[in-house]
Amino acid sequence: MTQYRPDEIEERWQKRWAEAKVAEVDVAAPGSKFYMLNMFPYPSGDLHVGHGRNYILGDVLYRFFRMQGRVSLNPMGWDAFGLPAENAAIKRGIHPREWTLGNINRMKEQFRRWGILYDWSKELASCDPDYYRWNQWLFLRLYERGLAYRGKAPVNWCPQDRTVLANEQVIDGRCERCGAEVIQKELEQWFFRITEYADRLDAGLDELHEWPEKVRAMQRNWIGRSVGADVEFPVPALGHPLRVFTTRPDTIFGATFMVVAPEHPDVPALIAGHPDRGAIEQWIAGVRNQSALERQESGKEGRFTGQSAINPFTGNEIPIWLGNFVLMQYGTGAIMSVPAHDQRDFEFARQYGLPIRVVIQPAGAEPVSPDDLAEAFTSKDESAVIVDSGLISGLPVPEAIERISEEVERRGIGTKTVRYRLRDWLISRQRYWGTPIPMIYCQRCGMVPVPEGDLPVELPIDVPFTGREGNPLAKQEAFVSVDCPSCGGAARRETDTMDTFVDSSCYYARFISAHDDTKIFEKKLVDRWLPVDQYIGGIEHAILHLLYARFIARAMHDLGLLAHEEPFRRLFNQAMITKEGYRDPSANMAWVPLDEVEWRDGKPWRGATELIPEVGKMSKSRFNTVAPDDLIERYGADTQRVYTLFIAPPEKEAAWSDEGVIGAYRFLGRVWHLGQQILAAAEHPSAREAPRAVLRKTHQTIDAVTRRFERFEFNTAVSALMELSNVLGEHVPGHAAALRGPYLILLQMLHPFAPHMTEQSWQLFGEEGFILTSKWPVADPSLMEEETVTIVVQVNGKLRGQIEVPNPPAEEAVMAAVQKNERVQSWVAGKQVLKTIYVPGKLVNVVVR
RNA sequence: GCGAAAGUGGCGGAAUUGGCAGACGCGCUGGACUUAGGAUCCAGUGGCCCACAGCCGUGCGGGUUCGAGUCCCGCCUUUCGCACCA
């Protein structure tokens, strides 16, 4: 009997799949299409088993749908531009391109060893001019439409990476990548006008039923749609009114002061006559220089401008203050403050002794004195009622909002407004390793787009990396200096490159026309293949990538390039794999490399310190990665695949266990041995029909596995296959030959999980052709039928007897049997039978009264 | 503070619509085969109890129901997002 030897079979099958190009699909082939896509990775180098989860999951799904007979596409590419390549160049003197291409090769090899089938004929890399020329082309189209523009704006500047960041890349006031504190800088930069699509991006979320609710909520939150009104407050000293945005116009009678952002353009005029103007200007400068983080941490601070506005509804003069908590980037940069009904305004009013006026109360409550308020009363449902507010007094809040908004519009002092938290997408990066922005600055003609025929604007390769003086592109005179395409005079190229999220915003469509050098994509084909049917990637892209891609899809739709507006029909976010490790509580470096852990009395030590066991995300910096190479060498890729899916539901974090792997290996070994026994016996003439119990289990398993595939419950799908193999194993003695059919069905269902092992068995035992072309087995319920089943009867929850009924036990048949059975009947006699509940194969509950 | 999700053995985790709680696997215990076992195979494994019987068990407290891990009400805990957005 031959042993299960993954090392002998996997290499052979991988080679064969590659030679036969089994995953290459003709995108024009007829049939029902299935587009499976893993988010294309940044080629950072070696992959560990934690990364494997993502790709194995995609491959399992791809193989499943392929077996279902769908024309399936599973492409792969590389998000190959970005900072780490440049940093590696600075640190180790390797060109970013070389570093990137080397990593790509290593990762491709890893995918091959995992047995993942990608259609490599459609491979693309964002750092390849054949790819980024279309990014540049798209940029020019957006520019023509006014969706790409250059503007001066306060931007997030990372002093460590020496580049600007998009708002989405600033986490808690720090650079997403390096963690340095982000500062504000006023710079000329390129933007994409994503705000123009805010409403469509927001509304589209409602249709994404097959996206995780969490991601939709995060995007909704980020877009931050809020409905309210703009209202003008006259300011005698200015000669023009100040405009505020509020979501609570119903509280306007309670507006007792105004606060404007220190950056507001009217501030100089407001403080012009202030006796202490110098001090205020100094304070403003201080606030402006603060990082976003410092500004938040310094608490609420303000200064009185010395000027007043008129509350248009009460007619009262209200003081105008400056406040560090009012943001110039949101709304109008000025707010009306209603301390009684907004917590921030309340705190500010208490801090500076500003007046508070109560205009909303719980319905039927006694009037409240402002002095007794412990916090702002912010309820806005029907139970909150307006008081002391002229024409809206007595109305519940929702109605009051409607009434007062109409009144504002009627008087011509404002409008109903929808505002978004979302701001335009800053795409310029002062970095080398990215897509050059195809623009030229001419002294005579101004800003001139690179003509389409001159694309791509190629990134010069021969560039020195010192890491000291900013963007190395800017010092490449051969690149920068150019003739103006318009007048032919001397001009200079834009040296900013694009944010890499631009690269990843259309790649999924480009796969369909990956090597077309005449157009960005073939509309007929992308319209057939989009949207992506199943998109898989990490939750870390919930906002950035997925929002940008949705935006660009809509922009491309409006340019007539695509029929679809939503690029990804179904989204799944797999969670990461963690691994236990050790932490040294006395050292700066939290995690300790495993080979530095010594053991004393069964406890982990390092030096004189006892280490603390800890579980965390697998990463090189934590020294807790598991390299797939050793694992595959010992147990095979199929073992890793099965274990990875069995370990936990894929959306849940899972802790890697070296012992757990063995369970998957044993399972595959058992299946292998079953094959040895069953398929050898099948040649004997004594083969007869399999035992009923085996047939039933087989069909139950087909049903269970199919259902679980649809619900992404791969861990229980694998366990169902384990159960089936256990049942087969029990019946091998005496029935080996008869188990052939069920065994082959088991192999088929196992195939997406352990493709090498199952193909080998298939071939070994004489079945012709690739299992990949066969269809998933369909359960035939008639095979499951026993003639009768015995069921246990409970009457009102108490065991009262057993009855025999025909299989499958229909409700009526059960009732009839209950009536006929004397023992049971005696418990039911004279009572009204309310209902019976059949528990499959087991028992019946008869509910009586 | 706001929003979302989740609490089940020593561990990862099962349990269609309320219907035998703990499937499957790891670990552990015992055995077989072995020069050896960190290989393989077999048996056992929620707790109390020598064992049968029995009792107790799904974060806590109530409720609905013949029957609740599942439904309802009120707590507690954890994780993850967002966070001066007017």
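By convention in this document, chain letters (A, B, ...) are assigned in the order of the sequence lines, proteins followed by strands, and residues within each chain are numbered from 1. Just so it is clear, the structure is predicted and the values come from calculations on it, not from any experiment.
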| request: Identify whether any heavy atom of A:G299 sits under 4.0 Å from a base atom; if not, whether one sits that close to sugar-phosphate; answer base, sugar-phosphate or nothing. | output: base

| query | Starting at the 5' end of RNA chain B and moving along, which residue's nearest nucleotide shows up first, A:G660 or A:R711? | reply | A:R711

| query | Once you round it to whole Å, what is the distance between P of B:A4 and NZ of A:K214? | reply | 13 Å

| Qualifying residues under ring-ring contact (aromatic ring centres under 6.0 Å, His included), relative to A:F346, sequence neighbours excluded | none

| query | Is the A:H541 ring parallel, tilted or perpendicular to the A:H545 ring (thresholds 30°, 60°)? | reply | perpendicular

| Taking only residues at least two apart or on different chains, which pairs with a member in residues 253-262 of chain A satisfy side chain to side chain donor-acceptor pair (under 3.5 Å)? | none

| Within residues 244-251 of chain A, residues whose heavy atoms come under 4.0 Å of RNA chain B | A:F245, A:T246, A:T247

| message | Applying ring-ring contact (aromatic ring centres under 6.0 Å, His included), can you list everything that pairs with A:F233, at least two apart in sequence or on another chain? | response | none

| query | Taking CZ from A:R708 and C1' from B:A14, how many angstroms apart are they, rounded to a whole number? | reply | 8 Å

| Distance between the P atoms of B:U16 and B:A6, in whole angstroms? | 14 Å

| query | Looking only at atom P, what distance separates B:G61 and B:U8, rounded to whole Å? | reply | 16 Å

| request: Syn or anti for B:G37, please, going by whether the chi angle lies within 90° of 0. | output: anti

| Rounded to the Å, how far apart are A:M722 CE and B:A23 P? | 14 Å

| query | Between A:Y4 and A:W672, what is the ring plane arrangement, given parallel below 30°, perpendicular above 60°, and tilted in between? | reply | tilted

| said: Please report the distance, rounded to the nearest Å, between CG in A:N221 and P in B:A83. | reply: 7 Å

| field | Length of the CD-P vector between A:E659 and B:G27, whole Å | value | 6 Å

| note | Taken in chain and number order and not counting sequence neighbours, the residues that satisfy salt bridge (charged side-chain N to carboxylate O under 4.0 Å, His left out) with A:K380 are none

| Could A:D658 and A:K579 be called an ion pair, given the rule that one side-chain N must be under 4.0 Å from one carboxylate O? | yes

Hey, what are the protein-to-nucleotides 37-42 of chain B N/O distances that come in under 3.5 Å?
from	atom 1	to	atom 2	distance (Å)
B:U40	OP2	A:R666	NH1	3.1

| query | Hey, does A:S337 reach any base, or is it just sugar-phosphate, or nothing, if we go heavy atoms under 4.0 Å? | reply | nothing

| message | Nearest to the side chain of A:F646, heavy atoms from C-beta on, is which of B:G13, B:G25, B:C84? | response | B:G25

| task | Using the P atoms only, state how far B:G57 lies from B:G69, rounded to an integer number of Å. | result | 10 Å

| said: Taking the P atom in each of B:C50 and B:C11, what is the distance between them to the nearest angstrom? | reply: 25 Å

| On a whole-Å scale, what distance lies between the C1' atoms belonging to B:G22 and B:G44? | 16 Å

| request: Nearest-nucleotide wise, let me know which of A:Q329 and A:E213 is further upstream toward the 5' end of RNA chain B. | output: A:E213

| A:A717: partners by side chain to side chain contact (heavy atoms under 4.5 Å, CB included), with sequence neighbours left out | A:V705, A:R708, A:F753

| field | Sequence-distant partners of A:Y635, ring-ring contact (aromatic ring centres under 6.0 Å, His included), two or more places apart | value | A:Y665

| query | Salt bridge or not for A:R243 and A:D266, using N-O below 4.0 Å? | reply | no

| field | Ion pair check, A:E402 and A:K416, cut-off under 4.0 Å | value | yes

| query | What is the nucleic acid contact for A:L327, judged by heavy atoms within less than 4.0 Å: base, sugar-phosphate only, or nothing? | reply | base

| For A:F253, the option from A:I386, A:N311, A:V338, A:I404 that meets side-chain contact (heavy atoms from CB on, under 4.5 Å) | A:I404

| query | Where does the angle between the aromatic ring planes of A:Y330 and A:F245 fall among parallel (under 30°), tilted (30 to 60°) and perpendicular (over 60°)? | reply | perpendicular

| said: Checking contacts here: which listed nucleotide (B:C26, B:A83, B:C24) is nearest the side-chain heavy atoms of A:S719? | reply: B:C24

| request: Could you measure between the two P atoms, the one in B:C48 and the one in B:G9, and give it in whole Å? | output: 15 Å

| said: Tell me the interatomic distance from A:F714, atom CZ, to B:G13, atom P, rounded to whole angstroms. | reply: 17 Å

| message | With rounding to the closest Å, how many angstrom separate the C1' atoms on B:C76 and B:C60? | response | 7 Å

| field | Stretch residues 649-658 of chain A: residues that reach within less than 4.0 Å of RNA chain B through a heavy atom | value | A:P649, A:K652, A:E653

| said: Suppose you measure atom P in B:A21 against the same atom in B:C28; what distance do you get, rounded to whole Å? | reply: 30 Å

Distance-only donor-acceptor pairs under 3.5 Å for side chains of residues 318-329 of chain A, two or more places apart:
from	atom 1	to	atom 2	distance (Å)
A:N324	OD1	A:E301	N	2.8
A:N324	ND2	A:G299	O	2.7

| Pairing annotation in dot-bracket form, given for RNA chain B with Watson-Crick or G-U pairs under 3.5 Å and | for cross-strand partners | (((((((..(((......[....)))((((((.......))))))(((.....)))..(((((..]....))))))))))))....

| note | Between CG of A:L724 and P of B:A14 the distance, given in whole Å, is 20 Å

| Salt bridge flag under 4.0 Å for residues A:D206 and A:R216 | no

| Pairing residues for A:F646 by the ring-ring contact (aromatic ring centres under 6.0 Å, His included) criterion, not counting sequence neighbours | none

| Separation of A:L645 atom CG from B:G12 atom P, in whole Å? | 19 Å

| Would you say a side-chain N or O of A:R421 is under 4.0 Å from OP1 or OP2 of B:A83? | yes

| task | Under 4.0 Å between any heavy atoms, over every strand shown, what does A:V259 touch: base, sugar-phosphate, or nothing? Just pick one. | result | nothing

| said: Please tell me if A:N726 has a side-chain N or O lying less than 4.0 Å from either OP1 or OP2 of B:G25. | reply: yes

